[in-house]
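Because the structure is predicted, anything quoted here is derived from the model rather than measured. Just so it is clear: chains get the letters A, B, ... in the order the sequence lines come, proteins before strands, and each one is counted from 1.
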Amino acid sequence: MPIRVHDTLSRSIKPLLPKQPGAEYGMYCCGPTVYGPAHIGNFRTFLVQDVLRRALQLDGLAVKHVRNITDVDDKTIRQSQAEKISLKDFTAKWTKKFHADCDALNMLAPHVEPSAVEHIPHQIAMIEKLVAGGHAYKTGDGSVYFKVCSCHDYGKLAHLDRDSLRTQDTNSAGSVNDADEYERESVSDFALWKARKPADGENFWPSPWGEGRPGWHIECSAMSTHYLGETFDLHGGGIDLCFPHHENEIAQSECATGKKDFAAHWFHSAHLMVDGAKMSKSLGNLYTLDDLVAKGATPPAVRYALIAGHYRSQLNFTLKSVEDAAGAIAKIEKAATKLLEKCGLSPADFAPPVVLEKNTAWGAFLPAWETLCDDLNVPGALGKIFTALHAANDPALTVEQARADLSGLGKILYALGIRLFTAKKDAAGADEIPTEVAALGAKRWAAKQAKDFAGADAMRGELEKLGWKSLDRKDGYALVKL
RNA sequence: GGUGCGGUAGCCAAGUGGUAAGGCCCGGCUCUGCAAAAGCUGUAUUCGUCGGUUCGAUUCCGACCCGCACCUCCA
């Protein structure tokens with residue numbers, strides 16, 4: 001059963017299938033502009049794409065995931081100059097940080113991660129095609145603009161009316177769109193190539209139109225078609241990219257190639273809100289992963305919190321949602337541990353996707369998988385996971401059923417990118433029990449066995465002062481850090 | 001003004017033309033010397049408001065109220 005998700009172009013839910021059975025499934029996602037640490041809003045989008053990719057792979061598709069790095073624009077240039085380092089060193093630094101955060105959030109690396117700067121020749125080649133085809137023109141300063149009126153179905157993605165576009169003279173920020181200032185023929189025309197300006201410093205490249213740098217939109221068109229072909233399967237990004245970025249990508253790509261189906265499917269995810277408000281620097285609610293970790297959050301819990309809402313709905317992110325997520329993960333771990341015990345396995349054996357027998361079984365987790373396949377309904381799937389987990393706790397469950405359930409759980413958690421038992425591994429070193437604590441624990445246990453409850457309780461108080469507590473069972477106890 | 005989305009329990013969040021998944025929190029029970037942990041279990045006569053269609057609507061239609069996003073380089 002193919003995975004079905006919403007397509008922005010047709011405004012409908014469509015199955016995700018390669019053009020021919022067995023063919024590679026090409027998905028292109030607009031990546032980050034590396035001028036600082038990415039914030040959790042960026043990661044929500046990348047995380048949703050990561051879940052989609054994992055699900056597609058689990059469904060048997062040969063996915064080729066391409067996600068670019070935008071490493072030249074006003075912000076990267078301005079910041080690198082401010083720090084007095086080269087653009088290359090500057091963007092390398094933040095690309096590295098981005099990768100580290102992605103790893104922490106358990107995101108699969110894209111198969112190809114092209115840099116915009118390294119693909120300037122491809123961009124120039126595409127611009128040349130557009131100029132030759134009458135879709136672009138050079139202005140007096142050596143810039144090149146895309147001629148929007150040469151593209152008859154411009155606006156088809158965002159469903160915008162071209163006439164209103166051309167007459168619009170202010171943007172949402174209230175600033176005036178002055179066509180004359182840029183020598184543009186129309187305010188809706190956009191830059192393909194930006195002529196070199198003094199403020200660019202050393203950051204310019206040669207082109208048939210003179211020195212300069214590429215416009216933002218052309219980067220993605222050139223890189224996506226270079227790695228995935230002139231028409232490919234799916235293009236994704238945050239909903240804000242729908243217009244103008246994706247609209248412009250469609251226009252320039254289809255005008256350059258002459259083909260009308262640049263991307264077969266447009267996959268957009270809704271924005272993240274923080275504490276009920278739009279994220280913004282001025283509100284001080286623009287969290288990075290490091291910010292959250294500093295507040296005590298763990299990356300797995302952040303991942304869970306960020307994917308726990310449906311991708312087409314705005315998600316209101318709060319610190320409490322991360323705490324709730326940590327509790328939910330712990331609950332899954334407990335139930336998984338029981339299943340593992342039933343099968344005679346240990347948490348160390350659980351590495352999604354769990355390979356048991358042929359690993360084809362879904363067990364009680366089939367409903368969760370089916371829900372995920374239905375427009376990537378992560379919150380619905382999570383609900384079905386917990387329902388299945390309750391059922392799996394039934395003492396009457398056979399080992400055979402437990403193994404099937406474990407296989408299904410491993411697969412659905414793989415799709416969601418939720419790793420279990422990571423905290424224990426990390427804490428193994430940190431939780432080393434100091435000898436005095438161990439001695440005190442043993443003494444308390446002995447007192448308790450001797451029914452000296454007052455003494456035992458007193459020693460429990462001492463343990464707590466040392467930051468430890470004793471979890472007693474019938475046959476023994478375990479010391480854990482508070 | 002244009003385009004689009006949403007209002008479901010204390011919080012978060014699915015879903016369906018036939019009388020509301022799940023998570024967090026909270027309550028109860030079991031277990032326990034007491035706790036903790038763990039397991040079980042309980043909590044929306046109700047799904048923004050008002051109409052309409054229907055045997056029946058939270059789910060379809062209309063109106064309204066409220067909130068949100070995008071509208072030229074923000075994921």
Side-chain angles (χ1 to χ4, degrees), chain A residues 8 11 29-33 38-49 70 73-75 148 155 158-161 164-165 168 170-173 175 177 184 187-191 194 215-217 219 236-245 247-248 268-273 276-281 286 304-305 308-310 312-318 320-332 334-335 337-338 367-368 371 374 377-390 393 395 448 451-454 456-457 460 469-474 477-478 480:
Chain A
T8 310
R11 308 270 158 126
C29 302
C30 294
T33 300
H39 54 70
I40 53 170
N42 296 305
F43 283 119
R44 142 102 136 160
T45 296
F46 298 138
L47 245 14
V48 164
Q49 292 161 350
T70 296
D73 78 326
D74 287 343
K75 291 184 294 255
V148 166
H159 292 210
L160 294 173
D161 176 30
S164 67
L165 269 177
Q168 186 178 13
T170 58
N171 61 29
S172 61
S175 59
N177 293 323
R184 277 185 287 178
V187 289
S188 45
D189 290 354
F190 55 90
K194 297 181 165 188
W216 176 41
H217 312 301
E219 297 171 3
I239 189 64
D240 57 302
L241 295 187
C242 182
F243 188 87
H245 185 55
E247 192 72 58
N248 291 352
H268 291 112
S269 43
H271 268 189
L272 192 70
M273 311 279 286
K278 184 184 174 176
M279 276 199 315
S280 71
K281 280 180 183 168
L286 212 157
Y304 187 108
H310 190 97
R312 285 203 281 139
S313 299
Q314 283 176 14
L315 177 68
N316 183 28
F317 184 89
T318 61
K320 186 181 179 297
S321 68
V322 185
E323 289 166 18
D324 291 356
I329 293 170
K331 193 165 187 167
I332 296 172
K334 284 166 196 160
T337 303
K338 292 217 158 193
T371 300
D374 183 10
N377 187 348
V378 174
L382 285 169
K384 298 255 190 313
I385 286 174
F386 286 102
T387 302
L389 249 19
H390 286 300
N393 192 47
K448 181 179 167 178
K451 299 207 185 292
D452 174 15
F453 298 126
D457 286 351
R460 177 153 59 202
K469 82 176 165 180
S470 180
L471 298 184
D472 295 0
R473 298 184 308 270
K474 275 182 182 171
Y477 63 97
V480 296

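Counting distance only, with no hydrogens placed and no angle test, the side-chain atoms of Asn377(A) and the base atoms of G15(B) include no donor-acceptor pair under 3.5 Å. In this model, no side-chain donor or acceptor of Lys331(A) finds a partner on the base of C24(B) within 3.5 Å. Looking at Arg460(A), its side chain has no donor and acceptor atom pair within 3.5 Å of the base of A36(B).
Distance NE2/His271(A) to CG/Asp240(A): 3.5 Å, rounded to 0.5 Å. Annotation: the span from Thr318(A) atom OG1 to Asp324(A) atom CG amounts to 7.0 Å, rounded to 0.5 Å. With rounding to the nearest 0.5 Å, the separation of CZ in Phe453(A) from NZ in Lys448(A) is 7.5 Å. Distance check: Asp73(A) CG to Trp216(A) CH2 gives 9.0 Å after rounding to the nearest 0.5 Å. To the nearest 0.5 Å, atom CD1 of residue Ile385(A) and atom CD1 of residue Ile332(A) are 5.5 Å apart. Taking CG of Leu241(A) as the start and CG of Asn248(A) as the end, the distance is 11.0 Å to the nearest 0.5 Å.
Between Trp216(A) atom CH2 and C74(B) atom P the separation is 6 Å, expressed in whole Å. If you take CG of Leu241(A) and P of U3(B), they are 22 Å apart, rounded to a whole angstrom. Taking atom CG on Asp374(A) and atom C1' on U16(B), their separation rounds to 13 Å, with Å as the unit. For Asp457(A) and C34(B), the CG to C1' distance is 6 Å, given to the nearest whole Å. For Leu382(A) and C24(B), the CG to P distance is 12 Å, given to the nearest whole Å. Atom-to-atom, NZ of Lys320(A) to P of A13(B) comes out at 11 Å; the value is rounded to the nearest Å. Between Asp73(A) atom CG and C73(B) atom C1' there is a gap of 9 Å when expressed in whole angstrom units. To the nearest angstrom, P of U3(B) lies 15 Å from CD of Glu247(A).
With distances taken from any side-chain atom of Phe243(A) to the nucleotides C71(B), A14(B), G23(B), the minimum falls on C71(B). When each of A35(B), G4(B), G23(B) is scored by its nearest atom to the side-chain atoms of Asp472(A), the top-ranked nucleotide is A35(B). Listed nucleotides: C73(B), C71(B), A75(B). Nearest to the side chain of Thr33(A): A75(B). The listed nucleotides are A14(B), C11(B), U72(B); the one nearest the side chain of Asp324(A) is C11(B). Among the nucleotides C73(B), A14(B), U72(B), the one closest to the side chain of Phe190(A) is U72(B).
Counting non-hydrogen atoms under 4.0 angstrom, Gly237(A) reaches the backbone sugars and phosphates but no base. Nucleic acid contact class of Lys384(A) (heavy atoms, under 4.0 Å, all strands): none. Backbone-only engagement by Thr387(A) is indicated by non-hydrogen atom pairs under 4.0 Å involving sugar-phosphate atoms exclusively. Residue-level contact check: Gly238(A) touches the backbone only, with heavy atoms under 4.0 Å from sugar-phosphate atoms and none from bases.
Distance check on atom P: A21(B) versus C65(B) gives 33 Å, rounded to whole Å. Separation of the P atoms belonging to C12(B) and G7(B) is 12 Å when rounded to the nearest angstrom. Nucleotides A44(B) and G10(B), compared at atom P, are 11 Å apart to the nearest Å. Rounded to whole Å, the C1' atom of U8(B) lies 15 Å from the corresponding atom of U49(B). Comparing A75(B) with G18(B), their C1' atoms are spaced 42 Å from each other, to the whole Å. A gap of 9 Å separates the C1' atoms of U45(B) and U19(B), to the nearest Å. One P atom belongs to C47(B), the other to C11(B), and the distance between them is 16 Å to the nearest Å. For the C1' atom pair drawn from U41(B) and U59(B), the interatomic distance equals 30 Å after rounding to whole Å.
Both distances falling under 3.5 Å, in either a Watson-Crick or a G-U wobble arrangement, place C64(B) opposite G48(B). Within the shown strands, G23(B) is the pairing partner of C11(B) under the Watson-Crick or G-U definition, both distances less than 3.5 Å. Base pairing of U43(B) is not made with any nucleotide, judged by Watson-Crick or G-U wobble geometry with both donor-acceptor distances under 3.5 Å. Across all strands shown, the partner of A69(B) is U3(B), judged by Watson-Crick or G-U wobble contacts whose two distances both fall under 3.5 Å. Pairing for A38(B) goes to U30(B), judged as Watson-Crick or G-U wobble with the two contacts each under 3.5 Å. Nucleotide A57(B) forms no Watson-Crick or G-U wobble pair with any nucleotide shown, as no partner meets the under 3.5 Å limit on both distances.
Within the 4.0 Å cut-off from OP1 or OP2 of G23(B), at least one side-chain nitrogen or oxygen of His390(A) is found. Checking the phosphate oxygens (OP1, OP2) of C40(B), a side-chain nitrogen or oxygen of Asn393(A) falls inside 4.0 Å. Between Lys75(A) and the phosphate of C74(B), there is a side-chain N or O to OP1/OP2 separation shorter than 4.0 Å.
Comparing His310(A) and Leu272(A) against RNA chain B, the residue whose closest nucleotide sits nearer the 5' end is His310(A). Between Lys448(A) and Leu315(A), the residue anchored closer to the 5' end of RNA chain B is Leu315(A), taking for each the nucleotide with the nearest heavy atom.
Between the side chains of Asn42(A) and His39(A), at least one donor N or O sits under 3.5 Å from an acceptor N or O.
Counting only distance, with no hydrogens or angles, the side chain of Asp472(A) and the backbone of Tyr477(A) share no donor-acceptor pair below 3.5 Å.
Stacking is not found between His271(A) and the pyrimidine-like six-membered ring of the A69(B) base under the 5.5 Å centre-distance and 30° plane-angle cut-offs. The aromatic ring of Phe453(A) sits over the base of G33(B), with ring centres less than 5.5 Å apart and planes tilted by under 30°.
Using a 30° and 60° split on the angle between ring planes, His245(A) and His217(A) fall in the tilted class, from 30° to 60°.
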